[in-house]
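First comes the structure, then the notes that go with it.
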Amino acid sequence: CVNIGYGRKEIGQAVVDQINTLSYFNSFFKASNKPAIQLAEKLAEITPSGLNHVFYANSGSEANDTALRMVRQFWALEGKPEKNVIISREMAYHGSTVAAGALSGMPPMHEQAAVVDNIEHIQCPYKFAYGRDMDEEEFGVLAAGWLQEKIMEIGADRVAAFFVEPIQGAGGAKIPPKNYFVEVQKICTENDVLLVVDEVICGFGRTGNWFASETFGIEKIDLMCLAKGITSAYTPLSALMVSDRIANTFIEKGGEFFHGFTYSGHPVSCAVALENIRIMEDEGMVKQVGEDTGPYFADQLATLADHEIVAEVRSCGLLAGIELVRDKETLEPISEDMDECDEICEVFRDFCLNHGIITRPIHSTVMLTPPLIISRAEIDFLVKKLRLALDDFANFLKQ
């Protein structure tokens, strides 16, 4: 989430300047502030076409929570309150509030009372597990078809929206085939199902475009959740981008939307976001990831595919996952039990730390998401140290 790197003095100055101008005012009762208005204009400019309205929150969880509430209220205003079933995906992560946890496809969260009625989950486009012997396009059609099957099972007149991450981050760098979202958009359009795109991890340059929606050709977006890279994590802020279709219904039929947070559109965080985006634009970070460091990152990580415990390397821009197994020939997993797998792979994380790098094991996948300012030399260092950590872990697994 620290896309522009640590210690940016310009960000600190933006904070000081805004605190000295206006440290806080609420965003309720038809009130706003200049940074919030300017940021809304900027977000409408850089996000995909048709997303011209912004609802501010403080985290990705709150943005997804807001999206769920807005989706159901939209259909109620349209005279279809029964159209309230949400479809999400297994291994999805949309946050940790009760609603966002329920949207997430992670059973341990549901076991801790993160349960909301009328939320269904389908399989995710995890080709390594579900379509290893299929070509990309064939698997993309199959995976999108799981959405169509679920809509048919429930009834299109009851399905309100499909919540989806372009790349599933906390689910272990699940990167879909290129045609997956082409098919998903067709299905949503044909069944009048809203498409909610969670760009909390993928947004703000991570995949080599401003948003992963551009990378994967997602054009029919009803709601888009933003956080993390919006401020490069210097201060908390999130935003829900709202399509004209949904905004117009709320404006014309909705009256007041009784929702918001004390710190929604906080002027200091909005000033930080504006400065963060300015730095990204001035330094050409998104183009650099798309045309230089992203492809280089992919090429260098691919050299690890020959390692005895690496089953697959997948990457998009500066987001990657390395699938680990005990035996490359048989594809024997680290462990069949997810909890045990997590415990074992924590050892790999520690080996990485010993070599001076930070990684995140998620079950049997090693997640890599370096800052967008990473250089080729630093990528070389990262990959060199990763190989050493893989050697250490392979020896550990043999004990």
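Side chains are part of it too, since the values below use all heavy atoms of this structure and drop only hydrogens, waters and symmetry mates.
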Of all the heavy-atom pairs spanning W210 and V286, show the shortest one and how long it is.
N-CG1, 3.6 Å
Using every non-hydrogen atom in the two residues, find where Q168 and C124 come nearest and quote the distance to one decimal.
OE1-CB, 2.9 Å
Nearest heavy-atom neighbours spanning I362 and A170
CG2-O, 3.1 Å
Show me, pair by pair, the donor-acceptor contacts under 3.5 angstrom made by side chains of residues 388-395, not counting sequence neighbours?
residue	atom	partner	partner atom	Å
D391	OD1	H307	NE2	2.7
D392	OD2	H355	NE2	2.7
N395	ND2	D391	O	3.3

Is any side-chain heavy atom of D380 closer than 4.5 Å to a side-chain heavy atom of Y296?
yes
Determine, for D17 against K34, whether the closest basic-nitrogen to carboxylate-oxygen distance falls under 4.0 angstrom.
no
L318 and P370: which non-hydrogen atoms are nearest, and at how many Å?
O-CD, 3.6 Å
If you draw a 6.0 Å radius around OH in Y263, do more than 12 non-hydrogen atoms from other residues or ligands fall strictly inside?
no
Got a sec, which residues hit ring-ring contact (aromatic ring centres under 6.0 Å, His included) with F211, two or more places apart in sequence or on another chain?
F204
The salt bridge (charged side-chain N to carboxylate O under 4.0 Å, His left out) partners of E281 (sequence neighbours excluded) come to K42
Salt bridge between E120 and R158, side-chain N to carboxylate O under 4.0 Å?
no
State, to 0.1 Å, how close G5 and I373 come at their nearest heavy-atom pair, and which atoms those are.
CA-CD1, 3.6 Å
Are any non-hydrogen side-chain atoms of F297 and V289 less than 4.5 angstrom apart?
no
Apply side-chain contact (heavy atoms from CB on, under 4.5 Å) to N58 and L237, showing your working.
CA-CA 4 Å; N58 309 293; L237 182 70; 5.8 Å; no
Is a salt bridge present between K174 and E165, judged by a nitrogen-to-oxygen distance below 4.0 Å?
no
Sort and list the pairs that fulfil ring-ring contact (aromatic ring centres under 6.0 Å, His included) and have at least one residue in residues 50-84, not counting sequence neighbours.
F55-F257, F55-H259
So which pairs with a foot in residues 4-41 pass ring-ring contact (aromatic ring centres under 6.0 Å, His included), sequence neighbours left out?
Y24-H266
State which residues pass ring-ring contact (aromatic ring centres under 6.0 Å, His included) with H121; sequence neighbours excluded, sorted by chain then number.
H110
For the student: nearest non-hydrogen atoms of D157 and E82, plus distance:
O-CG, 3.9 Å
Is D342 salt-bridged to R349, cutoff N-O under 4.0 Å?
no
Under 3.5 Å donor-acceptor, D222 side chain and I246 backbone
no
Any chance CD1 of I358 has more than 12 other-residue heavy atoms, nucleotides or ligands included, within less than 6.0 Å?
no
